[in-house]
Amino acid sequence: MKKLWWKDKFNIFMAAIAYLTLLFIIAAIGTVIMKGFPHIGKSLATPEIQFAVKLSLYTSLISTVLCIVIAIPVAFVLARVDIPFKSLFNTLLDLPLALPPVVSGVCLLLFFGTTAFGAWLEEIGLPFVFTIKGIIIAQIFVNLPFMIRVMKSTILSVSPRLEFIARTLGCTPTQAFWKITLPLSRNGIIAGTVITWARALGEFGAALMLAGATRFRTETLPISLFLNMSTGDLEEAMAAANLLIIISIISLYIFNKLGGDFIGGTRGV
Amino acid sequence: MIKLADVSITLGDFSLKNVHLEIRKGEFFTILGPTGTGKTVILELIAGLYRPDAGKVLINGADSENIPPEKREIGFVYQDYALFPHLNVYKNIAFGPRLRKMPPSAIKENVQGLADMLEITHLLARFPGTLSGGEQQRVSLARALIMKPKILLMDEPLSALDPNTKRMLCGELKRVHEKYRCTVVHVTHDFNEAAMLADRIGVILKGKVKQVGVPREVFERPRDQEVKNFLGVEPLKAVYAR
Ligand SMILES: Nc1ncnc2c1ncn2[C@@H]1O[C@H](COP(=O)(O)OP(=O)(O)OP(=O)(O)O)[C@@H](O)[C@H]1O
Ligand SMILES: [Mg+2]
């Protein structure tokens with residue numbers, strides 16, 4: 001693009017809109033950073049924020065690992081195996097991605113809170129309603145479809161021919177998967193993990209419905225932000241917000257670095 | 001040795017109809033046909049990527065239906081070479097022997113021997129993405145040969161190469177065949193290549209085997225007008241040069 005764009009009125013007009021958009025984003029995020037950053041050290045020292053950070057890290061790590069472990073086989077099936085009703089499968093798997101997280105939360109709450117299956121889970125020591133396990137399940141429910149999408153397009157980008165060549169060289173289908181498909185999906189796995197982890201850290205709506213918002217109990221960073229805003233403790237709220245912003249910026253950076261943009265279907269998420 | 005008995009298969013819009021081919025043990029068999037006639041599909045049927053809809057693929061007289069690709073003792077050199085991009089040349093070649101848990105010293109010796117023969121020793125530490133077409137072709141060949149396959153399938157192994165490299169590798173393929181004595185099924189749409197290499201040629205047009213015979217016979221006496229049109233009128237120098 002060697003053309004001098006500012007010599008064209010139409011281009012100036014379009015560029016003005018682009019710059020205004022950028023300005024709006026920077027201004028909005030910048031305000032929170034300006035207000036919160038100076039106090040972030042002090043707030044980090046408060047037991048409440050420390051609790052929230054720890055709980056957020058704990059829940060998001062577990063939910064991310066579980067998302068990977070579940071997403072890879074599901075994505076493999078969608079990418080490589082001819083199963084009946086595959087297109088229906090695809091649509092339904094994407095559903096939690098389209099639902100507002102609060103609605104997902106209500107679904108989970110009713111499922112675990114009012115069904116015999118939920119009661120049975122509680123009996124065997126897996127209570128999900130108003131518990132930390134509930135936060136994890138909420139994060140998984142909301143993020144899993146996303147991870148599946150990333151993994152599916154990643155696996156689709158691996159040539160089946162390479163897997164087949166591995167077979168002719170002596171691999172069983174399982175070995176071909178571990179030695180060829182998975183290593184060649186590395187970037188997708190890392191990109192998907194980073195973005196899933198960031199989304200898990202920020203997960204609010206579904207977790208709020210299923211696990212509630214109780215101080216020092218189910219208080220993750222976003223919940224902490226919500227609680228402190230509603231009680232007017234601005235400093236703690238800003239600290240939580242800033243931490244979430246930093247995490248998001250870093251993960252966005254890593255995701256783009258690993259070609260997340262190139263992985264189909266994740267554009268603009 | 002390899003027999004396709006009335007094999008039919010449909011893949012999307014394409015279908016192979018009642019393909020009948022017999023390839024003898026130890027021969028260099030060339031499948032000759034224009035683009036999109038199902039040559040690659042035939043190789044993939046032999047290798048076990050697909051199961052025929054009808055008919056049988058027999059290997060050494062045994063129905064291969066329930067033999068998975070990894071048990072067929074087949075080497076496959078693909079059209080685009082299909083090297084593993086995440087492994088360097090050495091690891092690409094050593095991939096098969098490593099799976100078989102061959103001792104590392106023996107693997108090293110084998111890789112070295114093949115690398116010397118194919119003149120790729122200086123490439124062993126490189127990654128496939130950095131190799132030229134001819135170099136990739138040799139690596140792909142080495143990766144297949146190291147398994148000492150009973151059957152070597154080569155899908156247009158020379159099509160991506162310039163005429164000089166092509167001639168050189170043509171000679172090399174011949175020598176490899178003489179040395180390893182494996183059955184070779186070679187696919188090409190290049191008449192010269194077929195004429196130079198093949199013990200026998202099978203002409204495939206539009207998913208059907210039209211004619212099978214030694215090069216001279218096929219080029220001198222095309223069975224019908226269709227084969228004649230495909231082969232053209234000019235008798236091939238390469239046939240007479242042999
Ligand atoms: N898995 C598949 N699904 C659907 N169609 C396929 C599949 N594999 C091959 N085909 C189609 O079958 C036809 C024959 O393919 P094939 O690759 O065997 O041709 P070819 O003779 O090897 O051609 P070329 O010389 O260009 O390599 C093509 O039209 C191809 O698109
Ligand atoms: Mg082909």
Side-chain angles (χ1 to χ4, degrees), chain A residues 68 72 75-87 90 150-194 254 257-264, chain B residues 11-12 40-41 43-51 64 67-88 91-102 107 127-129 136 139-155:
Chain A
I68 301 169
I72 291 178
F76 182 82
V77 169
L78 294 179
R80 288 280 195 268
V81 190
D82 267 323
I83 49 164
F85 306 113
K86 194 141 130 187
S87 63
N90 265 315
V150 175
M151 284 318 301
K152 185 179 133 194
S153 38
T154 306
I155 292 175
L156 280 174
S157 74
V158 176
S159 163
R161 207 167 253 191
L162 294 178
E163 293 163 4
F164 181 63
I165 283 287
R167 296 284 307 276
T168 66
L169 292 167
C171 280
T172 62
T174 317
Q175 284 173 318
F177 176 77
W178 285 102
K179 287 178 189 290
I180 304 297
T181 320
L182 218 48
L184 287 176
S185 305
R186 206 193 83 199
N187 278 3
I189 296 175
I190 298 175
T193 303
V194 170
I254 300 177
K257 258 247 133 55
L258 289 169
D261 202 41
F262 146 85
I263 296 168
Chain B
L11 295 165
T40 301
V41 172
L43 291 190
E44 287 173 334
L45 274 165
I46 297 173
L49 179 60
Y50 308 119
R51 203 172 265 219
S64 67
I67 310 174
E70 61 267 28
K71 298 253 164 71
R72 293 192 183 195
E73 299 186 82
I74 272 171
F76 206 140
V77 177
Y78 255 112
Q79 214 161 347
D80 57 3
Y81 313 129
L83 297 174
F84 303 131
H86 60 304
L87 302 177
N88 67 18
K91 286 185 175 159
N92 261 280
I93 302 174
F95 188 87
R98 279 190 173 182
L99 272 173
R100 286 201 182 159
K101 303 258 185 303
M102 202 191 265
I107 294 179
F127 280 83
Q136 289 185 46
V139 176
S140 182
L141 188 60
R143 181 179 63 180
L145 285 177
I146 201 166
M147 301 300 284
K148 305 218 163 57
K150 298 231 167 77
I151 300 167
L152 182 61
L153 307 175
M154 294 195 286
D155 194 359

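Quick note on labels: first sequence line is chain A, next is B, and so on, each numbered from 1.
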Completion exercise
Applying a strict 4.5 Å limit to non-hydrogen atoms, the region of Leu99(B) in contact with chain A is side chain

Exercise for the section: List the steps and the verdict of side-chain contact (heavy atoms from CB on, under 4.5 Å) for Thr172(A) and Glu70(B). Expected result: CA-CA 7 Å; Thr172(A) 62; Glu70(B) 61 267 28; 4.1 Å; yes

Practice task
Spell out, as yes or no, whether a donor-acceptor pair under 3.5 Å connects the side chain of His86(B) to the backbone of Ser185(A).
Solution key: no

Completion exercise
Of the listed Lys71(B), Arg143(B), Arg100(B), Glu44(B), the one with the largest count of heavy-atom pairs under 4.5 Å with chain A is Arg143(B)

Problem - Heavy-atom contact with chain B under 4.5 Å, split by part of Ser159(A) - result: neither

Handout entry: Heavy atoms of other groups near Lys86(A) NZ, more than 12 under 6.0 Å
Key = yes

Exercise for the section: Grab the two heavy atoms, one from Phe164(A) and one from Gly48(B), that are nearest each other, plus how far apart they are. Expected result: CE1-C, 3.9 Å

Fill in the blank from the handout: For Ala82(B) and Leu162(A), the nearest pair of non-hydrogen atoms, with its separation, is O-CD2, 3.3 Å

Practice task
Measure the spacing between CG of Leu49(B) and CD of Glu163(A) and express it to the nearest 0.5 Å.
Solution key: 10.5 Å

Handout entry: Side chain, backbone, both or neither of Leu87(B) within contact of chain A (heavy atoms, under 4.5 Å)
Key = neither

Problem - Portion of Ala166(A) that has a non-hydrogen atom of chain B nearer than 4.5 angstrom - result: both

Completion exercise
So, the part of Phe76(B) with a heavy atom under 4.5 Å from chain A: the answer is both

Problem - Flag side-chain contact, heavy atom, 4.5 Å: Leu169(A) against Phe84(B) - result: yes

Exercise for the section: Please round to the nearest 0.5 Å and tell me the distance separating atom OG1 of Thr168(A) and atom CD1 of Ile151(B). Expected result: 12.0 Å

